[in-house]
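So the structure is just underneath, and the comments pick up after that.
Fair warning: this is a prediction, and the values are worked out from it, not measured in the lab. A, B, ... follow the sequence lines: proteins, then strands. Residue 1 opens every chain.
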2 protein chains.
Amino acid sequence: MKPATQPRILDAAEKLFARHGFESTSLRAIIASAGVNLAAIHYHFRGKEGLIRAVIERRFAPINDERLRRLEVCERRADGRSPTVEEILEAFLSPMLRVGLPHSGQGRLLMQLAGRLLQPSGGMLEKAAGSEFERVAIRFLAALHRALPDLPKQEIAWRINFTIGAAARALSGGIPVKVLSSASHENLQERDVQRVLQRLIAYTAAGMKAPPANQRP
Amino acid sequence: MKPATQPRILDAAEKLFARHGFESTSLRAIIASAGVNLAAIHYHFRGKEGLIRAVIERRFAPINDERLRRLEVCERRADGRSPTVEEILEAFLSPMLRVGLPHSGQGRLLMQLAGRLLQPSGGMLEKAAGSEFERVAIRFLAALHRALPDLPKQEIAWRINFTIGAAARALSGGIPVKVLSSASHENLQERDVQRVLQRLIAYTAAGMKAPPANQRP
DNA sequence: GTCTATATGGGGATAGAC
DNA sequence: GTCTATCCCCATATAGAC
């Protein structure tokens, strides 16, 4: 028996989106891969934008839940005191990087997809990703503000954005410069996620804890 | 007398690309704004991809020249010793963030454009941006390796990628999460670039200098 | 409720007249 | 160098079969 139409569409769309990006993937390519009719997409998802949103939400809702869950765990473990910046950042970054096992093709596809998702690229993607991120961002901003009471909240907000940018690089494998990609992009395909996560946390935690620059130069 | 067709196309395309992104901007929108014929784009630039590449190269070649020039200046000033990480990163980041004055509309447009450019988003952009970056990336990787001799070169390559990701966030204004964008996106439109640069350098320099994570967890 | 067939309008690209 | 006319592909919408 063959799987239902809806998940077949979602699986095919996720794979193609991850490989070619959202705007470069046509619905026709998706229906060919899924073996369904074009109008089925419109029926189930109300068009391409709805399909993108459904793909995103299917995968990122659990990630965001996991982020919040981990944050609560390490806050409870800290028992009244604030968790370390490293712990908070691991709660934020790890679920995204760890989805799927290192050897799972689906996991790596999702990492590429996530790398694309996190970057603003022209309108509708922001909306789809933004609503998912919002609840998470608020919680983590508060947690980091508590861990770094000397930093203005505005500075922390900036640094969260910098951190997201760094994570997006890690997920998408970096720029296609040979000298850099030999050390990142290629390896990302083959090495384990844990190593990348360690590098990313070492970098972003140090940046997060940096003394703020002089505001009057 | 009216300007030549070619720069008119480039100006209109840059403006629209900056505003709506590359894939969401139609050639027809560009010709309407530039007041030229559709085929003129294909004649001068061999299609949309060539136009994107031309827009990119026109703006980024001088930026990359400036990066290399600044790196040489601070290396000469260091007189045999290595410049600080902060100096190297400022040479790398500042030309990109400083193009145009804070109040120049063109400068801000370019910042948005650059923010989009630096993030991998589906194929052809990487190629266009990658060739531009290559010569710069090699030089800065070497300079940072000299400034941070204890770090493996591979680790530095990863951190350069993280740094680029953070810079891309600064340029594009961050994710559209209200609580974060109130502190970044909105202000980026109105406040001076110097402030952003200071924040970015404080964050990325700390990340760059962080002790590497344990490789055996 | 689920899907097929088909129509519409907009997109990038190209050949060839001027 | 420039423009007109045209081609083919795509996303979307809808009517109606099952």
Side-chain angles (χ1 to χ4, degrees), chain A residues 1-58 113 116-117 121-129, chain B residues 1-58 113 116-117 121-129:
Chain A
M1 52 168 286
K2 72 179 173 190
T5 301
Q6 204 163 337
R8 286 235 310 284
I9 294 174
L10 285 172
D11 289 339
E14 178 177 296
K15 194 170 68 180
L16 292 171
F17 285 153
R19 233 196 303 267
H20 307 294
F22 294 105
E23 315 204 33
S24 303
T25 302
S26 71
L27 293 184
R28 283 170 168 81
I30 294 169
I31 63 170
S33 169
V36 300
N37 185 276
L38 177 60
I41 291 181
H42 204 79
Y43 173 78
H44 286 290
F45 305 102
R46 324 171 98 235
K48 187 172 185 177
E49 177 169 347
L51 175 58
I52 292 175
R53 197 178 293 257
V55 168
I56 291 166
E57 285 177 358
R58 181 175 69 146
L113 177 63
R116 300 230 159 100
L117 247 185
S121 75
M124 90 180 145
L125 299 188
E126 277 101 340
K127 296 192 196 84
Chain B
M1 54 168 282
K2 74 178 172 191
T5 302
Q6 209 164 335
R8 286 237 309 284
I9 295 174
L10 284 173
D11 289 339
E14 178 177 297
K15 193 171 70 181
L16 292 172
F17 284 153
R19 230 192 308 261
H20 306 295
F22 294 106
E23 314 204 35
S24 303
T25 303
S26 72
L27 292 187
R28 284 171 168 85
I30 294 170
I31 64 170
S33 168
V36 300
N37 187 277
L38 174 60
I41 290 181
H42 281 91
Y43 175 77
H44 287 288
F45 304 102
R46 322 170 96 235
K48 187 173 185 177
E49 176 169 348
L51 176 59
I52 293 174
R53 196 180 294 255
V55 168
I56 291 166
E57 285 177 357
R58 181 173 72 144
L113 176 62
R116 300 229 159 102
L117 248 185
S121 75
M124 82 180 152
L125 299 188
E126 277 101 341
K127 295 190 197 85

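- Here OG1 of B:Thr25 is found 5.5 Å from CG of B:Leu16. Values are rounded to the nearest 0.5 Å.
- With a cutoff of under 4.0 Å to any heavy atom of chain B, the contacted region of DNA chain C is bounded 5' to 3' by C:dG11 to C:dT14.
- Between A:His42 and D:dT12, a side-chain N or O to OP1/OP2 separation shorter than 4.0 Å is absent.
- Between A:Ile41 atom CD1 and D:dC10 atom P there is a gap of 13 Å when expressed in whole angstrom units.
- For the atom pair A:Thr5 OG1 and A:Ile31 CD1, the distance stands at 12.5 Å (nearest 0.5 Å).
- Between A:Leu10 atom CG and A:Arg58 atom CZ the span is 4.5 Å, to the nearest 0.5 Å.
- For the pair A:Leu38 and B:Ser26, nearest-nucleotide mapping onto DNA chain C gives the more 5' position to A:Leu38.
- Separating the CG atom of A:Asn37 from the P atom of D:dA15 is a distance of 17 Å, rounded to the nearest angstrom.
- You'll find the side chain of B:Ile30 reaches within 4.5 Å of the side chain of B:Phe17, heavy atoms only.
- Residues B:Ala39 and A:Val36 each lie close to DNA chain C; by heavy-atom proximity, the contact nearer the 5' end of the strand is made by A:Val36.
- Atom C1' of nucleotide D:dC9 and atom CD1 of A:Ile31 are separated by 13 Å, given to the nearest angstrom.
- The nearest whole Å value for the distance from the CZ atom in A:Arg28 to the C1' atom in D:dA11 is 7 Å.
- Distance check: B:Lys15 NZ to B:His20 NE2 gives 9.5 Å after rounding to the nearest 0.5 Å.
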How far apart are the C-alpha atoms of A:Arg53 and A:Phe45, what are their side-chain angles, what is the distance that settles it, and do they pass the side-chain contact (heavy atoms from CB on, under 4.5 Å) test? CA-CA 9 Å; A:Arg53 197 178 293 257; A:Phe45 305 102; over 6 Å; no

